[in-house]
Amino acid sequence: MGSTFSLLGRDFEVNPMSALLTILGLWALRGIFKTVRLLMTPSFFPQFRTAFQPLGLPGSFLPTTSWTAGLDWNWHTRRARQSPLPPILVGPQAIWTSNIEVARQVITGSHKTSFYKPAWASQALLIWGMNLVASDGQMWRKHRRVFGPAFNSELYKLVWEETTRTYKDMIQTDGWNTKDVVDVPVAQNLTVKVLAFMVIASCGFGFESSWATPASTDGLLYLPFASFTEARMARDRLAAFMQAQIAERKVDVAAGSTRADAFTMLVKANQDESNKYQLDDEELIGNIFVLMFAGHETTAATLAATLGFMAIHDDIQEEVLAQIISVVGLKGEPQLEDYPKLDKVLAIFYEALRMFPPASMLIREATEDTILTVPNPPGEEGSQSVPISKGTQIVLDMVGAQYNPRYFENPAEYRPSRWYGLPAESELFTAFSVGARACIGRKFAALEATSFLTLLLRDWKIVPLLRDGETKEAWGARMKDARMVMTLGVATDIPVRFERRTHTG
Ligand code: HEM
């Protein structure tokens with residue numbers, strides 16, 4: 001039975017089933033038309049054709065196949081690209097690029113740019129309030145003004161000292177000091193505990209914590225250390241906890257507190273700003289949440305991958321050990337002043353980061369019709385001017401950039417010597433992004449990694465924890481795949497064994 005409607009004085013009968021079939025038919029026709037048009041349009045670059053956009057529905061839930069790009073399609077291909085990604089069925093026009101010069105035009109932080117960071121790209125980070133990562137334009141400048149002074153030398157000193165303290169606490173509490181061999185079936189669990197519960201607790205929040213009792217404050221238990229889902233469930237309790245913390249810190253700062261943790265530093269930098277630029281409490285909470293998430297997840301995953309690479313590269317481990325001993329000695333403790341001299345230690349972390357970049361894509365959108373200048377392929381002079389229409393997504397493919405032979409000889413090889421002798425903040429290292437909007441936590445992460453690895457590698461040799469009958473090569477091959485869950489990291493557990501070095505006896 002159909003329903004009737006009137007138009008221009010005449011009555012029409014409509015059958016719902018025929019209406020549905022007509023709509024589906026029109027949609028299919030539109031798809032065919034779009035496909036034919038795409039195939040006939042001249043493209044500046046070779047196109048990767050996909051049925052759905054990987055950054056939308058249903059594309060992000062689909063695996064990468066020959067007919068559609070999944071969320072981690074850039075990991076599966078791992079190569080340099082300028083790929084227009086015109087979805088045949090659903091989604092906006094997008095261009096994925098692995099060229100850093102193009103990235104610099106798109107990720108600027110300047111208000112004169114034709115590109116912005118869309119809120120949907122950071123939606124998951126907005127549940128606690130606007131923050132530095134998710135904001136753009138004027139709003140971003142306001143947040144960055146407060147962050148800048150908060151990330152200062154006092155904070156960095158604290159990061160270095162707390163990481164050293166954490167290492168020593170771990171050795172003592174878990175009884176490593178009485179053992180010659182320690183097996184760790186999941187290296188990720190170790191690095192998450194070091195960074196999340198210990199370093200972030202003390203350097204982020206200024207809480208007293210020890211390896212045996214990581215969180216001495218109830219509220220800390222509700223931080224997003226275990227999983228993102230748990231953090232969402234604990235939202236209300238965490239919000240109340242954060243409010244109380246902010247109130248306490250405002251009083252402390254007014255009383256001239258000398259605490260150097262990131263939370264207190266942010267509150268202080270905010271109080272020092274004129275009213276016009278001050279963040280409100282919700283924005284402060286949003287930023288603290290982002291610090292915890294952006295900070296611990298990414299660094300912990302990379303540190304675990306570094307341990308994995310050390311387990312299969314004895315020669316590199318020995319080379320780094322020689323530098324550690326020459327700088328710190330067999331018994332001494334690394335000091336913050338030693339950091340620039342420990343470039344080989346930082347290099348093993350940077351190289352693991354290059355091969356498994358946790359921030360695997362950076363997303364921007366064109367606010368107007370504009371032009372991008374795209375350098376010609378290596379070996380060819382000059383560049384092309386590529387027109388970009390308003391609404392086009394530009395995705396900096398971080399995996400492609402880190403595996404781009406334009407920048408790296410033999411990019412699939414783990415070769416930390418690429419970074420030897422370079423200043424820690426060199427812009428040649430791009431996995432923290434480039435320009436004014438690059439990662440503000442880069443030095444924080446580099447310090448944590450360098451001080452922890454210096455102590456660990458000096459005292460322990462890392463080897464693979466093999467399954468029965470497994471060879472070292474087979475173990476290495478297991479570690480080579482990555483998985484994307486919020487951020488990119490090694491897909492499997494990393495099982496390692498620590499063997500005491502004789503000089504520690
Ligand atoms: C291995 C560790 C890390 C990696 C690979 C990493 C990577 C990145 C990248 C690629 C961006 C740019 C995102 C974009 O423009 O869309 C970024 C931004 C940011 N990161 Fe990190 N990060 C790391 C550690 C940290 C740490 C330890 C902190 C804080 C303690 C932190 C805080 C931030 C913040 C607040 C931003 C936003 C900066 C802005 O937009 O002005 N990150 N990070």
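Below, all heavy atoms of this structure are taken into account, side chains as well, without hydrogens, waters or symmetry copies. The structure displayed is predicted, hence computed values, not measured ones. We count ligands from 1, going down the list as the structure has it; atoms in each ligand are counted the same way.
The shortest N or O to N or O distance between Glu448 and ligand 1 is not under 3.5 Å. The shortest N or O to N or O distance between Lys117 and ligand 1 is below 3.5 Å.
Under a cutoff of 6.0 Å and an axis angle of 45°, Arg354 and Phe429 do not form a cation-pi pair.
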Worked check of ring-ring contact (aromatic ring centres under 6.0 Å, His included) between Phe408 and Trp419: CA-CA 11 Å; Phe408 303 107; Trp419 311 109; 5.8 Å; yes
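Under 4.0 angstrom from ligand 1, the non-hydrogen atoms of Leu353 all belong to its side chain. Of all the heavy atoms of Arg144, the ones lying under 4.0 Å from any atom of ligand 1 belong exclusively to the side chain. The proximity of Leu132 to ligand 1, defined as any non-hydrogen pair under 4.0 Å, involves the side chain as well as the backbone. Contact annotation: for Cys439 versus ligand 1, heavy atoms closer than 4.0 Å belong to both the backbone and the side chain. Looking at Ala431 against ligand 1, only its backbone comes within 4.0 Å, counting heavy atoms.
For the atom pair Tyr339 OH and Leu447 CG, the distance stands at 5.0 Å (nearest 0.5 Å). Atom-to-atom distance recorded for Tyr414:OH and Phe356:CZ is 10.5 Å, nearest 0.5 angstrom.
Each of the following atoms of ligand 1 lies closer than 4.0 Å to a heavy atom of Leu291: 29 (C), 30 (C). Applying the 4.0 Å criterion to heavy atoms of Arg364 picks out, from ligand 1, the atoms 14 (C), 15 (O), 16 (O). The distance from ligand 1 to the heavy atoms of Trp140 drops below 4.0 Å at these ligand atoms: 39 (C), 40 (O), 41 (O). In summary, the atoms of ligand 1 found under 4.0 Å from a heavy atom of Ile440, numbered by their order in the structure, are 34 (C), 35 (C). Listed by number with element, the atoms of ligand 1 under 4.0 Å from a non-hydrogen atom of Ala359 are 10 (C).
Val133 CG2, 3.6 Å is the protein heavy atom nearest to atom 36 (C) of ligand 1. For atom 26 (C) of ligand 1, the nearest non-hydrogen atom of the protein is Gly295 CA, 3.4 Å. Protein heavy atom at the shortest distance from atom 12 (C) of ligand 1 is Ser433 CB, 3.9 Å. Taking atom 23 (C) of ligand 1 as the reference point, the nearest protein heavy-atom neighbour is Thr298 OG1, 3.5 Å. Closest to atom 28 (C) of ligand 1 among all protein heavy atoms lies Gly441 CA, 3.5 Å. Looking only at protein heavy atoms, the nearest one to atom 13 (C) of ligand 1 is Leu362 CD2, 3.8 Å. Here the protein heavy atom with the shortest distance to atom 9 (C) of ligand 1 is Phe432 O, 3.8 Å.
Contact between His296 and ligand 1 is absent, with no heavy atom of the residue lying under 4.0 Å from the ligand.
With Asp136 as the partner, the salt bridge (Lys or Arg N to Asp or Glu O under 4.0 Å) test is satisfied by one option alone out of Arg437, Arg364, Lys117: Arg437.
Below 30°, between 30° and 60°, or above 60°: for Phe444 and Phe151 the angle between ring planes is between 30° and 60°, a tilted geometry.
When atom types are taken as modelled, the side chain of Asn131 and the backbone of Gly129 share a donor-acceptor pair closer than 3.5 angstrom. Looking at Thr264, its side chain never comes within 3.5 Å of a backbone N or O of Ala260 through a donor-acceptor pair.
Taking every heavy atom of both residues into account, Lys157 and Leu336 meet most closely at CA-CD2, 3.8 Å. Scanning both residues, Leu279 and Asn270, for their nearest heavy atoms gives N-OD1, 2.8 Å.
Residues Arg259 and Asp252 are paired through a salt bridge, judged by an N-O separation under 4.0 Å between the basic side chain and the carboxylate. By the 4.0 Å N-to-carboxylate-O rule, Glu319 lies close enough to Lys344 to be salt-bridged with it.
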